Trainee: 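One structure follows; several queries about it will come next.
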Amino acid sequence: YSYYQKNLTIRDNEFVSNSAYSSITGLYMNYSDYSVIEKNNIVVPTYYGVYFYYCDGDTTTSSRFVNNMISVGGTSTAYCVYSYYSNYVDFYHNTFNTSSTSSTGRAMYIYYGGDLDLKNNFFTNTGTGYAIYNTSTSTVFTSDYNNLYTAGGTLGYHGSAAADLTAWQGLTQKDSNSVSAAPNYYGATDLHTMAFSTNGLATPLGITEDIDGELRSLTTPDMGADEFTPPPFEAELVSAISPMTGCGMGVEDVIIRVKN
């Protein structure tokens with residue numbers, strides 16, 4: 001919890017909770033201007049990963065979210081980052097995912113404010129809600145080179161709903177270099193990715209390391225907090241064919257279908 005702080009740096013932390021409290025928040029930041037939130041892993045079972053309330057930068061020095069992984073689950077309200085009337089904030093190389101079964105879940109939630117710069121992020125919803133939600137079309141922000149994905153039926157909201165990336169691009173006139181790819185995370189709370197199709201699709205922003213301290217490509221970095229190198233040959237499990245009801249004690253063939 002941060003209240004009326006300035007030039008605060010929160011770096012290299014694990015904020016993990018399994019609390020049964022219904023309104024839990026990983027980082028609750030109020031009026032904390034020029035904050036740097038970097039290389040943190042935040043895992044909460046529901047509600048807010050980061051509540052960023054009236055936390056501003058200015059035209060020369062922005063507040064910054066860089067190389068963070070934030071995962072929020074649950075069955076109701078789930079916002080990875082709730083940016084509330086915050087101005088001059090850079091969001092670079094973050095991986096935000098909500099797996100909430102609620103259709104109101106939002107990986108990135110912008111509530112007014114402005115002059116936000118969203119680049120090289122994974123904003124994903126492996127539940128049923130939004131990847132990105134911007135309340136007002138009057139909010140000034142830039143967004144590009146992101147992976148915007150939802151497993152639900154509506155990718156984003158910008159004054160009105162956008163079903164998919166093409167609709168989002170048309171509605172916002174943003175994210176012309178962004179993609180919408182299934183994130184293939186290691187797990188619900190481990191947001192390292194196997195979305196190899198996104199390899200090298202980010203734009204250089206002068207960020208030299210990822211969340212793990214691994215060097216980023218200076219010319220073709222990866223989106224999200226995790227810099228990765230795809231294996232030279234990759235195989236994907238498509239389906240299990242047999243057995244379907246468990247194995248017995250004897251010798252039995254196991255048949256699967258893979259795609260390379």
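Bear in mind the structure is a predicted one, so any value in this text is a computation, not a measurement. Worth knowing before you read on, the calculation uses all heavy atoms, side chains too, and leaves out hydrogens, waters and symmetry mates.
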Trainee: Roughly how far, to the nearest 0.5 Å, is CG of D210 from NE2 of H93?
Mentor: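 Going from NE2 on H93 over to CG on D210, the span is 9.5 Å.
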
Trainee: So, applying ring-ring contact (aromatic ring centres under 6.0 Å, His included) with Y111, which one of Y79, Y84, Y53, Y48 is it?
Mentor: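 Running ring-ring contact (aromatic ring centres under 6.0 Å, His included) over Y79, Y84, Y53, Y48 with Y111 returns exactly one hit, Y84.
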
Trainee: What are the two closest non-hydrogen atoms of C55 and V89, and how far apart are they?
Mentor: O-CG2, 3.8 Å

Trainee: Counting N and O atoms only, with roles assigned by atom type, does the side chain of N67 sit under 3.5 Å from a partner on the main chain of E209, one being a donor and the other an acceptor?
Mentor: yes

Trainee: Can you tell me if N68 uses its side chain to pair, donor with acceptor, with the backbone of N40 under 3.5 Å?
Mentor: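 Here the side-chain-to-backbone pair exists.
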
Trainee: Rounded to the nearest 0.5 Å, what's the gap from OH on Y109 to CG on N134? Could you check?
Mentor: 9.5 Å

Trainee: Got I10 and F15 here, is their nearest side-chain heavy-atom distance under 4.5 Å?
Mentor: yes

Trainee: Is it possible for you to say whether M108 and F141 belong to one hydrophobic cluster, with membership spreading through side-chain heavy-atom contacts below 4.5 Å?
Mentor: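 Linked within one cluster.
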
Trainee: For the pair N121 (side chain) and N94 (backbone), establish whether a donor and an acceptor sit closer than 3.5 Å, ignoring hydrogens and angles.
Mentor: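 Answer holds: yes.
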
Trainee: Apply side chain to side chain donor-acceptor pair (under 3.5 Å) to T172 and D175, showing your working.
Mentor: CA-CA 8 Å; T172 64; D175 285 293; 5.1 Å; no

Trainee: Report yes or no: does D56 contribute a side-chain atom to a donor-acceptor pair with the main-chain N or O of Y88 at less than 3.5 Å?
Mentor: no

Trainee: So with a 6.0 Å cut-off around OH of Y3, is the heavy-atom count from everything else above 12?
Mentor: no

Trainee: Run the side chain to side chain donor-acceptor pair (under 3.5 Å) check on T98 and N125 step by step: do they pass?
Mentor: CA-CA 5 Å; T98 174; N125 194 319; 4.9 Å; no

Trainee: Looking only at side-chain N and O atoms, does N87 offer a donor or acceptor that is under 3.5 Å from a partner on D115?
Mentor: no

Trainee: Scan side-chain atoms only and decide if S102 and T104 contain a donor-acceptor pair under the 3.5 Å cut-off.
Mentor: yes

Trainee: Run F65 and F52 through ring pair (Phe, Tyr, Trp, His ring centres under 6.0 Å) and show every step you take.
Mentor: CA-CA 11 Å; F65 280 73; F52 209 58; 4.9 Å; yes

Trainee: Given the rule in the side chain to side chain contact (heavy atoms under 4.5 Å, CB included) test, do V36 and V66 qualify, once you have shown the distances and angles that lead to the verdict?
Mentor: CA-CA 8 Å; V36 176; V66 179; 6.0 Å; no

Trainee: So does G114 get a backbone contact from the side chain of T139, meaning a donor-acceptor N/O pair under 3.5 Å?
Mentor: no

Trainee: With a 3.5 Å distance limit and no angle check, can you tell me whether T77 reaches the backbone of Y47 through a side-chain donor-acceptor pair?
Mentor: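 No.
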
Trainee: With no hydrogens and no angle check, is any side-chain donor or acceptor of S178 less than 3.5 Å from a backbone partner on Y145?
Mentor: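 Answer holds: yes.
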
Trainee: Rounded to the nearest 0.5 Å, how far apart are OG of S83 and OH of Y54?
Mentor: 11.5 Å

Trainee: For a side chain to side chain contact (heavy atoms under 4.5 Å, CB included) check, start with the C-alpha distance between V50 and I42, then their side-chain angles and the critical distance, and finish with the verdict.
Mentor: CA-CA 8 Å; V50 178; I42 300 172; 3.7 Å; yes

Trainee: T142 and D117: side-chain donor and acceptor closer than 3.5 Å?
Mentor: yes

Trainee: Treating N120 as the side-chain partner and L205 as the backbone partner, does any N or O pair qualify as donor plus acceptor under 3.5 Å?
Mentor: no

Trainee: Working to the nearest 0.5 angstrom, can you tell me the gap between T135 OG1 and Y133 OH?
Mentor: 5.5 Å

Trainee: Are T124 and Y185 close enough, and set up right, to give a side chain to side chain donor-acceptor pair (under 3.5 Å), and what steps lead you there?
Mentor: CA-CA 10 Å; T124 62; Y185 295 126; 2.7 Å; yes

Trainee: Is the backbone of K174 close enough, under 3.5 Å, to the side chain of S143 for a donor and an acceptor to pair up by distance?
Mentor: no

Trainee: Do T95 and T193 pass the side chain to side chain contact (heavy atoms under 4.5 Å, CB included) test, and can you show the C-alpha distance, the side-chain angles, and the key distance before you say yes or no?
Mentor: CA-CA 9 Å; T95 300; T193 181; over 6 Å; no

Trainee: How long is the gap from CG on N13 to CD1 on I37, to the nearest 0.5 Å?
Mentor: 9.5 Å

Trainee: Compute whether any side-chain donor of one residue and acceptor of the other, for Y51 and N30, lie under 3.5 angstrom apart.
Mentor: no

Trainee: How long is the gap from CD on E214 to CZ on F228, to the nearest 0.5 Å?
Mentor: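 CZ of F228 is found 11.5 Å from CD of E214.
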
Trainee: Do the side-chain N and O atoms of N97 and T126 include a donor-acceptor pair separated by under 3.5 angstrom?
Mentor: yes

Trainee: Is the backbone N or O of R64 less than 3.5 Å from a side-chain atom of S62, with the two atoms forming a donor-acceptor pair by type?
Mentor: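 No, because the side chain of S62 does not come within donor-acceptor range (under 3.5 Å) of the backbone of R64.
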
Trainee: Nearest heavy-atom pair of C80 and A107: which atoms, and what distance?
Mentor: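 That would be CB-O, 3.0 Å.
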
Trainee: Under 6.0 Å from the OH atom of Y21, do we count more than 12 heavy atoms belonging to anything else shown?
Mentor: no

Trainee: Begin with the C-alpha distance, continue with both residues' side-chain angles, and end with the deciding distance and a verdict on side chain to side chain contact (heavy atoms under 4.5 Å, CB included) for T25 and Y1.
Mentor: CA-CA 9 Å; T25 302; Y1 183 89; over 6 Å; no

